[in-house]
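Not measured: the values here are computed from a predicted model. Chain letters run A, B, ... following the sequence lines, proteins first and then strands; every chain starts at 1. Side chains are part of it too, since the values below use all heavy atoms of this structure and drop only hydrogens, waters and symmetry mates.
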There are 2 protein chains.
Amino acid sequence: MNDKTSRTTKAANDVSAVPADIREALGELVGYHLRRASVYDMNGAVAALEPEGARPITMSVLLSIVEHPGRTSADICRTLAIKRANIVALLQVLEAKGLFRRADDPADQRIQRLYPTPEGIETARHWLGLVQAHEARILQRMSQKERRELRRLLQLVWADEALDET
Amino acid sequence: MNDKTSRTTKAANDVSAVPADIREALGELVGYHLRRASVYDMNGAVAALEPEGARPITMSVLLSIVEHPGRTSADICRTLAIKRANIVALLQVLEAKGLFRRADDPADQRIQRLYPTPEGIETARHWLGLVQAHEARILQRMSQKERRELRRLLQLVWADEALDET
DNA sequence: TATTGTTATACTCTATAACTATA
DNA sequence: TATAGTTATAGAGTATAACAATA
């Protein structure tokens, strides 16, 4: 059986024992909603890209290359706040699919500049479309104005991160 | 040396190769900023709770118990969207610290109702204060009105998650 | 000395499967 | 059959340390 109402005992309902300053405290934390919203969004983004054999971070790296041809992997890591060690496998996947090529820099032999291939640009567009469709779904309860406002406020939150990176 | 400007070759600046529909596409995704903001917030929350030997999820579970005395662990898992298997170790930590007690339900011997101890309530208050102080820091660029608006918009994002759980 | 790209590795987080007891 | 609590375990995700080559 599943008689939830009968399970709700008097003790379980005795909210008098709950201090007013803690009542509903979790739900009042912006960070809690940030986390819940981000996880919900990420799950959908992962699902949207799964048929493509890609994940959100894979798309982010590819978009970084397409948006800024000639960036190095270290540049991308700084921009996306990921560790250099962890981009290696991601680039191997994108390279195996022929979505970008590496070019040695004549002036600095330590670095490789990354350039998207035509297929890379087309794939980036396709993946982006899938994620945008997903995003339209999770933001459907919001007006365009509210979406812009949400993005603006989120930027204010992690704007400090860039400053911390002294 | 670190002469970044000289490294910026003509090819790297040739944005003419970047299709207009993909230019700045990543930064226009709300999901990208959701992720960046959430990770930034979580890092700070982890740091704020670390001296206490607690993590954000530990605090969330304790707050759930304090806010709703008599909830079961399965209830809390549904509320916080975590798997039952993963709350076991969290509860062991909280129990070892004497922050809550388990009480068998007389009407259903499968379940244990969780009740906070006085120390549990006090600790919840303390941990909450640490996280609230962290939150005040990362939201400092926002007015109170903007903070409420951000929370409202975030709730709209993951409001669908509850509906999906049919 | 510092940076790049890379490998190896450890650690955390989360998900799944399976089990017992109970409803 | 379904749920609660639990154990064991696998898989991502992320972090650190170390290395060779180059600046």
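- Contacts of A:Glu52 classified as side chain to side chain donor-acceptor pair (under 3.5 Å), with partners at least two apart in sequence or in another chain: A:His126, A:Trp127.
- Checking A:Lys145, A:Arg152, A:Glu146 one by one against A:Arg148, the side chain to side chain contact (heavy atoms under 4.5 Å, CB included) holds for a single residue, A:Lys145.
- What separates CD1 of B:Ile82 from P of D:dA4 is a distance of 14 Å, to the nearest Å.
- Under the side chain to side chain contact (heavy atoms under 4.5 Å, CB included) criterion, A:Thr72 pairs with A:Ala74, A:Asp75, A:Ile111, A:Arg113, not counting sequence neighbours.
- One can place CG of B:Asn43 at 14 Å from C1' of C:dC13, the figure rounded to the nearest angstrom.
- Residues forming a side chain to side chain donor-acceptor pair (under 3.5 Å) with A:Gln132 (at least two apart in sequence, or on another chain): none.
- The nearest whole Å value for the distance from the CZ atom in A:Arg55 to the P atom in C:dT14 is 16 Å.
- No side-chain N or O of A:Tyr40 forms a donor-acceptor pair with one of A:Arg36 less than 3.5 Å apart.
- Taking the six-membered ring where tryptophan is involved, the planes of B:Trp158 and A:His33 are tilted, since the angle between them lies from 30° to 60°.
- Between B:Asp21 and A:Arg125 there is a salt bridge, with a side-chain nitrogen of the basic residue lying less than 4.0 Å from a carboxylate oxygen of the acidic one.
- One interatomic measurement links the two molecules: CD of A:Gln109 to C1' of D:dA20, which rounds to 14 Å at whole-angstrom precision.
- Considering all non-hydrogen atoms of both residues, A:Gly27 and B:Arg151 come closest at O-CD, 3.8 Å.
- Note: CD1 (B:Ile57) to C1' (C:dT14) measures 11 Å, nearest angstrom.
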What protein N or O atoms touch nucleotides 5-7 of chain C N or O atoms at under 3.5 angstrom, if any, and at what distances?
{"residue": "C:dG5", "atom": "OP1", "partner": "A:Gln112", "partner atom": "N", "Å": "3.0"}
{"residue": "C:dG5", "atom": "OP1", "partner": "A:Gln112", "partner atom": "O", "Å": "3.4"}
{"residue": "C:dG5", "atom": "OP2", "partner": "A:Ser73", "partner atom": "OG", "Å": "2.7"}
{"residue": "C:dG5", "atom": "OP2", "partner": "A:Ala74", "partner atom": "N", "Å": "2.9"}
{"residue": "C:dG5", "atom": "O5'", "partner": "A:Ser73", "partner atom": "OG", "Å": "3.4"}
{"residue": "C:dG5", "atom": "N7", "partner": "A:Arg84", "partner atom": "NH1", "Å": "3.1"}
{"residue": "C:dT6", "atom": "OP1", "partner": "A:Arg102", "partner atom": "NH1", "Å": "3.4"}
{"residue": "C:dT6", "atom": "OP2", "partner": "A:Arg102", "partner atom": "NH1", "Å": "3.4"}

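- When the side chain to side chain donor-acceptor pair (under 3.5 Å) test is applied to A:Thr58, no partner is found at least two apart in sequence or on another chain.
- Axis orientation changes by 10° from one end of the helix from C:dT1-D:dA23 to C:dA23-D:dT1 to the other, with each end axis drawn from 5 pairs and the value rounded to 10°.
- Rounded to an integer number of Å, the gap from A:Lys83 NZ to D:dA17 P is 11 Å.
- The distance from atom CG of A:Asp108 to atom P of C:dA2 is 17 Å, rounded to the nearest whole Å.
- Nucleotide D:dA23 holds its C1' atom 15 Å from the CG atom of A:Asp104, rounded to whole Å.
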